[in-house]
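Got a structure for you, questions after.
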Amino acid sequence: MTNLFDLQILVDRFTTNIEFYKDTRNAYNEHSCRIEYIDPLLKLLGWDVENEKGLAPQYREVIAENYSTRSDRPDYTVTLRGVPKFFVEAKKPAVDITKDAAPAVQTRKYGWNAKHKLAVLTNFEHLAIYDTCHIAHEDDGCAVARYRLYHYTEYIEKFAEISSLISRNSVYSGKFDSYLDENFPATGGHTQEVDALFLSQINEWRVALSNELYAKGGRYASLEVLNDVVQEFINQIVFLRICEDKNLPLYHKLKETITDPTHLKDKLEELFRSADRRYNSGMFSGDDIIFDLSCDVIKDMIEDLYYPQSPYLFNIIEPNLLGKIYEMFLTEQLVLLDNNTIGLGRKKDCQNRSVVTTPTEIVKYMVEKTLSRVCAGKTPIEILDIRVADIACGSGIFLEEAFAFLQDYCVQWYISHGQTDHLVEIGVDLYKLSLQEKKEILCSCIYGIDIDIHAVEVAKFSLLLKLIEDETAPSVAEVVPILPNLGSNIHFGNSLVSQSELAGISGAARQMMDIVPFEWNEINGGNGFDAIIGNPPYVNTEGMHALLPSAEVEVLLKIIKADSTGGRKQ
């Protein structure tokens with residue numbers, strides 16, 4: 001009843017002043033509307049907008065963008081223990097969201113790129129809930145995909161209905177997800193979802209680029225070489241495009257390369273060299289394939305990342321979602337088809353099992369339960385002495401979350417010790433570490449190993465994207481280079497088998513390329529780790545015989561037997 005009484009006060013005050021609010025000659029802006037009406041409305045729905053509970057940054061219920069600065073982010077991100085569930089976009093009352101389509105399209109784009117099923121748009125006079133399962137188009141009207149529309153005079157009468165949809169109780173009780181699963185099925189084809197669509201896009205590029213190169217012969221006749229160079233080129237282009245949406249150095253340069261097709265390759269080559277100097281992560285330092293590709297295939301690829309061809313907002317797509325996209329990317333590799341062209345085929349170790357990525361909520365839970373004990377009582381300087389590894393890291397999803405946890409821990413430490421001068425403010429009472437301190441944590445604390453060389457490159461790529469997640473042009477201006485080289489942190493190899501364990505095993509010598517034994521003195525100076533975390537692929541004994549080289553199976557069975565009898569040193 002208290003909620004309805006307070007809501008009635010809001011509604012009455014809005015009614016009294018509505019003509020003033022809607023008159024464009026008056027200076028009643030979005031900032032004022034958020035403070036006076038939208039924040040209180042969200043509070044009445046149970047949301048801790050101002051973090052009065054004092055939750056750690058990574059678990060805040062509502063992340064609000066600064067009122068005073070215009071960003072390309074949603075105004076509010078509403079979360080379940082830090083996992084984003086839906087966005088709320090705010091407008092001033094003078095913007096008629098029932099007639100002006102632009103705010104609706106913007107809201108839907110935000111929700112779709114985050115892979116949310118709904119998003120909220122409100123100027124308090126109206127509250128609209130949109131279905132964001134489908135791609136928004138610029139010419140869509142404001143009623144397209146609108147699931148519910150409420151006028152403020154209906155808020156009292158329909159408060160229970162609104163609460164059932166977007167209240168804190170609905171989200172935290174699980175009713176929100178159950179309702180969405182039942183009423184918001186992904187219709188219109190699976191590729192409508194951002195991850196499936198972007199994966200499809202990447203795979204189209206893989207095939208197109210590979211066929212061009214394969215036709216040239218020479219070193220490109222090798223599928224191993226093609227898999228390597230094509231993945232590297234795609235990563236380079238996607239990275240530059242992400243930097244553009246974040247307005248980081250060299251932004252807008254990628255699109256400029258295709259304005260003059262006669263100089264496209266020279267401009268792209270120059271951009272790669274500039275990126276190598278400014279970012280210096282090793283991502284752009286290898287032999288590129290620009291001059292072995294046609295201008296048409298490069299131009300098509302870059303155009304696919306821009307409006308009107310592209311629906312993507314790379315400042316909205318979370319790094320962990322990109323990581324999951326790349327995890328599916330890793331299940332396939334280039335293969336030679338019967339017609340002597342290049343296609344995609346499922347990798348051997350993925351043929352007999354479905355690949356299911358670990359849900360973000362579970363990753364966060366596992367990381368928090370592990371690292372909260374490891375970090376307890378430590379200062380940010382002492383955090384740099386912690387070593388965390390995922391020894392079957394895949395695309396790096398667990399490492400990303402471990403990196404995020406360590407950052408958030410340090411932010412909370414600075415806040416609780418009254419040292420916010422060490423931090424950079426990025427939202428309403430929301431802070432981040434400086435880029436330099438984030439780099440130190442990443443390079444000192446985070447390690448990974450994987451038997452798939454392409455997974456190693458994806459994990460590095462994912463961590464670098466996580467590093468620049470909240471960065472802007474001013475925040476990186478004084479940091480040279482912007483990115484670290486993670487070659488010493490993420491390693492290629494079989495973390496279960498070492499060279500010495502293969503000694504005397506029949507067939508080991510000829511199977512060495514498939515086994516890829518790993519020497520532990522190559523990582524972290526041969527020292528141990530404070531935490532090993534991850535969710536490695538499970539395979540039973542029968543599966544081991546089907547998937548692994550016989551010499552590796554023999555070693556693993558010996559290890560299992562030794563472990564069971566206490567005969568193997570840990």
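All values derive from a computational prediction rather than experimental measurement.
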Determine whether the aromatic ring centres of residues Phe87 and His116 are separated by less than 6.0 angstrom.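 For His116 and Phe87, the ring centres are under 6.0 Å apart.
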
Kindly compute the distance separating CG (Leu313) from CG (Asn113), expressed to the nearest 0.5 Å.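 Answer for the CG-CG pair, Leu313 versus Asn113, is 4.0 Å.
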
Listed once per pair and sorted, the salt bridge (Lys or Arg N to Asp or Glu O under 4.0 Å) pairs that draw on residues 396-410, sequence neighbours left out: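 For residues 396-410, and leaving out neighbouring residues, the salt bridge (Lys or Arg N to Asp or Glu O under 4.0 Å) pairs sorted by first residue read Lys364-Glu401.
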
Is the side chain of Asn17 donor-acceptor paired with the backbone N or O of Arg13 at a distance under 3.5 Å, no angle test?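 Between the backbone of Arg13 and the side chain of Asn17 there is a qualifying donor-acceptor contact (under 3.5 Å).
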
Atom of Arg60, atom of Thr79 and distance for their closest heavy-atom approach: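 Between these two residues, the closest heavy atoms are O-OG1, 2.6 Å.
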
Between the side chain of Thr107 and the main-chain N/O of Ala119, is any donor-acceptor distance below 3.5 Å?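 Side chain of Thr107 to backbone of Ala119: no pair is present.
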
Closest approach of Gln201 and Asp304, non-hydrogen atoms and distance?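 Between these two residues, the closest heavy atoms are NE2-OD2, 3.2 Å.
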
Within a strict 4.5 Å, meaning less than it, do heavy atoms of the Pro484 and Leu467 side chains meet?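 With C-beta onward as the side chain, the pair touches.
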
For the residue pair Tyr37 and Tyr152, is the inter-centroid distance of their aromatic rings smaller than 6.0 Å?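 No, the ring of Tyr37 stays outside the 6.0 Å limit from the ring of Tyr152, centre to centre.
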
Of all residues at least two apart in sequence or in a different chain, which pass the side-chain contact (heavy atoms from CB on, under 4.5 Å) check with Asp48?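 Residues passing side-chain contact (heavy atoms from CB on, under 4.5 Å) with Asp48: Asn51, Glu52, Lys53, Glu61.
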
Under 6.0 Å from the ring centre and within 45 degrees of the ring axis: does the NZ or CZ of Arg278 meet both conditions for the six-membered ring of Phe284?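 No, a cation-pi geometry is absent between Arg278 and Phe284.
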
Do Glu457 and Lys460 meet the salt-bridge criterion of a basic N to acidic O distance under 4.0 Å?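 Salt bridge between Lys460 and Glu457, a charged N being under 4.0 Å from a carboxylate O: yes.
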
Can you check side-chain hydrogen bond (donor to acceptor under 3.5 Å, both in side chains) on Tyr365 and Glu361, steps first, answer last? CA-CA 6 Å; Tyr365 177 82; Glu361 293 88 339; over 6 Å; no

Using modelled atom types and a 3.5 Å cut-off, is there a donor and acceptor pairing between side-chain atoms of Ser32 and backbone atoms of Tyr28?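 No, because the side chain of Ser32 does not come within donor-acceptor range (under 3.5 Å) of the backbone of Tyr28.
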
Which pair of non-hydrogen atoms, one from Thr24 and one from Ala94, has the smallest distance, and what is that distance?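 That closest heavy-atom pairing would be CG2-CB, 4.0 Å.
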
Is the side chain of Thr132 donor-acceptor paired with the backbone N or O of Leu118 at a distance under 3.5 Å, no angle test?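 Here the side-chain-to-backbone pair exists.
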
Which residue is it: Lys115, Lys117, Lys324? I am looking for the one with a salt bridge (charged side-chain N to carboxylate O under 4.0 Å, His left out) to Glu193.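 Considering Lys115, Lys117, Lys324, a salt bridge (charged side-chain N to carboxylate O under 4.0 Å, His left out) with Glu193 is found only for Lys115.
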
Nearest heavy-atom neighbours spanning Gly323 and Ser395: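 Between these two residues, the closest heavy atoms are O-OG, 3.0 Å.
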
Please enumerate all residues that pass side-chain hydrogen bond (donor to acceptor under 3.5 Å, both in side chains) together with Thr370, with sequence neighbours excluded.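 For Thr370, no residue satisfies side-chain hydrogen bond (donor to acceptor under 3.5 Å, both in side chains) once neighbours in sequence are set aside.
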
Evaluate side chain to side chain contact (heavy atoms under 4.5 Å, CB included) for Leu149 paired with Tyr130, printing each intermediate quantity in order. CA-CA 9 Å; Leu149 178 65; Tyr130 282 93; over 6 Å; no

Atom CZ of Phe198 and atom CD1 of Ile325: how far apart are they, to the nearest 0.5 Å?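 Taking CZ in Phe198 and CD1 in Ile325, the distance rounds to 6.0 Å.
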
Under the side-chain hydrogen bond (donor to acceptor under 3.5 Å, both in side chains) rule, collect the residues that match up with Gln419, sequence neighbours excluded.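 With sequence neighbours excluded, Gln419 shows a side-chain hydrogen bond (donor to acceptor under 3.5 Å, both in side chains) to no residue whatsoever.
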
For the CG atom of Asp296 and the CD atom of Glu303, what is their distance to the nearest 0.5 Å?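 Reported to 0.5 Å precision, the distance equals 9.5 Å.
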
Contact summary for Ser163 and Leu45, nearest pair of heavy atoms: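 Shortest heavy-atom separation between Ser163 and Leu45 comes out as OG-CD2, 3.5 Å.
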
Quick one, Trp112 and Leu197 - any side-chain contact, counting heavy atoms below 4.5 Å?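 Yes. Closest side-chain heavy atoms under 4.5 Å.
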
Please test Asn203 against Ser200 for side-chain hydrogen bond (donor to acceptor under 3.5 Å, both in side chains), starting from the C-alpha separation and ending with a verdict. CA-CA 5 Å; Asn203 283 334; Ser200 174; over 6 Å; no

Check whether Phe176 forms a cation-pi arrangement with Arg168 (NZ or CZ under 6.0 Å from the six-membered ring centre, at most 45° off the ring normal).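 Output no; distance or angle outside limits.
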
Apply side chain to side chain contact (heavy atoms under 4.5 Å, CB included) to Met366 and Ile362, showing your working. CA-CA 6 Å; Met366 292 172 66; Ile362 294 177; 3.8 Å; yes

Is any side-chain heavy atom of Leu465 closer than 4.5 Å to a side-chain heavy atom of Glu469?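 No, too far: nothing below the 4.5 Å cut-off.
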
Could you grab the distance from atom CD of Glu478 to atom CG of Leu435, nearest 0.5 Å is fine?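 Result: 11.5 Å between the selected atoms.
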
Tell me whether Gln412 contacts the main-chain N or O of Tyr409 through its side chain, where contact means a donor paired with an acceptor under 3.5 Å.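 Judged by distance alone, no pair lies under 3.5 Å.
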
Does this structure show an ion pair linking Glu50 with Lys43, if we count only N-O contacts that are shorter than 4.0 Å?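 The answer is yes: the pair qualifies as a salt bridge.
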
Identified side-chain hydrogen bond (donor to acceptor under 3.5 Å, both in side chains) partner of Tyr150 from the options His126, Glu161, Glu157: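 Among His126, Glu161, Glu157, the one that satisfies the side-chain hydrogen bond (donor to acceptor under 3.5 Å, both in side chains) with Tyr150 is Glu161.
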
For the pair Trp205 and Asp300, evaluate side-chain hydrogen bond (donor to acceptor under 3.5 Å, both in side chains) and give the outcome as yes or no after the intermediate values. CA-CA 9 Å; Trp205 296 335; Asp300 289 347; over 6 Å; no

Checking the side chain of Lys253 only, and the main-chain atoms of Leu268 only, is there a donor and an acceptor separated by less than 3.5 Å?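 No; judged by distance alone, with no hydrogens or angles, the pair does not exist.
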
Less than 4.5 Å apart, side chain to side chain, heavy atoms only: is that true for Ser170 and Tyr179?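 With C-beta onward as the side chain, the pair stays apart.
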
What heavy-atom pair brings Leu44 and Asn3 nearest, and what distance separates the two atoms?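 Reported closest heavy-atom pair: O-ND2, 3.0 Å.
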
Phe272 side, atom CZ; Arg277 side, atom CZ - distance, nearest 0.5 Å: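 The CZ atom of Arg277 is 13.5 Å from CZ of Phe272, to the nearest 0.5 Å.
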
Is any NZ, NE, NH1 or NH2 atom of the basic residue among Lys22 and Asp96 found under 4.0 Å from an Asp or Glu carboxylate oxygen of the other?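 Salt bridge flag = no for Asp96 with Lys22.
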
Dump the intermediate steps for side-chain hydrogen bond (donor to acceptor under 3.5 Å, both in side chains) on Arg34 and Tyr76, then the final yes or no. CA-CA 10 Å; Arg34 287 176 62 180; Tyr76 304 87; 3.2 Å; yes

Could you tell me the separation between the CG atom of Leu399 and the CG atom of Asp390, rounded to the nearest 0.5 Å?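 Here the interatomic distance stands at 5.0 Å.
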
Would you say Leu209 and Ile234 make side-chain contact, with heavy atoms under 4.5 Å?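 Leu209 reaches Ile234 side chain to side chain.
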
Can you tell if the side chain of Tyr326 reaches within under 4.5 Å of the side chain of Phe461, non-hydrogen atoms only?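 Side-chain contact under 4.5 Å: yes.
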
Going by atom type alone, with no hydrogens or angles, which donor-acceptor pairs under 3.5 Å involve a side-chain atom of residues 136-146 and a protein atom two or more places apart or on another chain?
unit_1	atom_1	unit_2	atom_2	d
Glu138	OE2	Lys109	NZ	2.1
Asp140	OD2	Arg108	NH1	2.9
Asp140	OD2	Arg108	NH2	3.4
Asp140	OD2	His137	N	2.9

Salt bridge between Glu89 and Lys91, side-chain N to carboxylate O under 4.0 Å?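 So Glu89 pairs with Lys91 through a salt bridge.
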
Centroid-to-centroid, Tyr431 to Tyr414, below 6.0 Å?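 That pair fails the under 6.0 Å test.
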
Can you tell which of Lys466, Lys438, Lys246 makes a salt bridge (charged side-chain N to carboxylate O under 4.0 Å, His left out) with Glu471?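 Exactly one pass, corresponding to Lys438.
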
Can you find a heavy atom in the side chain of Ile397 that is under 4.5 Å from one in the side chain of Thr358?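 Result no, sub-4.5 Å side-chain heavy-atom pair not found.
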
Report the residues that fulfil ring pair (Phe, Tyr, Trp, His ring centres under 6.0 Å) with Tyr155, sequence neighbours left out, ordered by chain and then residue number.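 Tyr155 satisfies ring pair (Phe, Tyr, Trp, His ring centres under 6.0 Å) with Phe124 only.
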
Answer whether the closest heavy-atom distance between the side chains of Pro319 and Ser462 falls below 4.5 Å.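 When only atoms from C-beta onward are counted, Ser462 and Pro319 do not touch, as no gap falls below 4.5 Å.
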
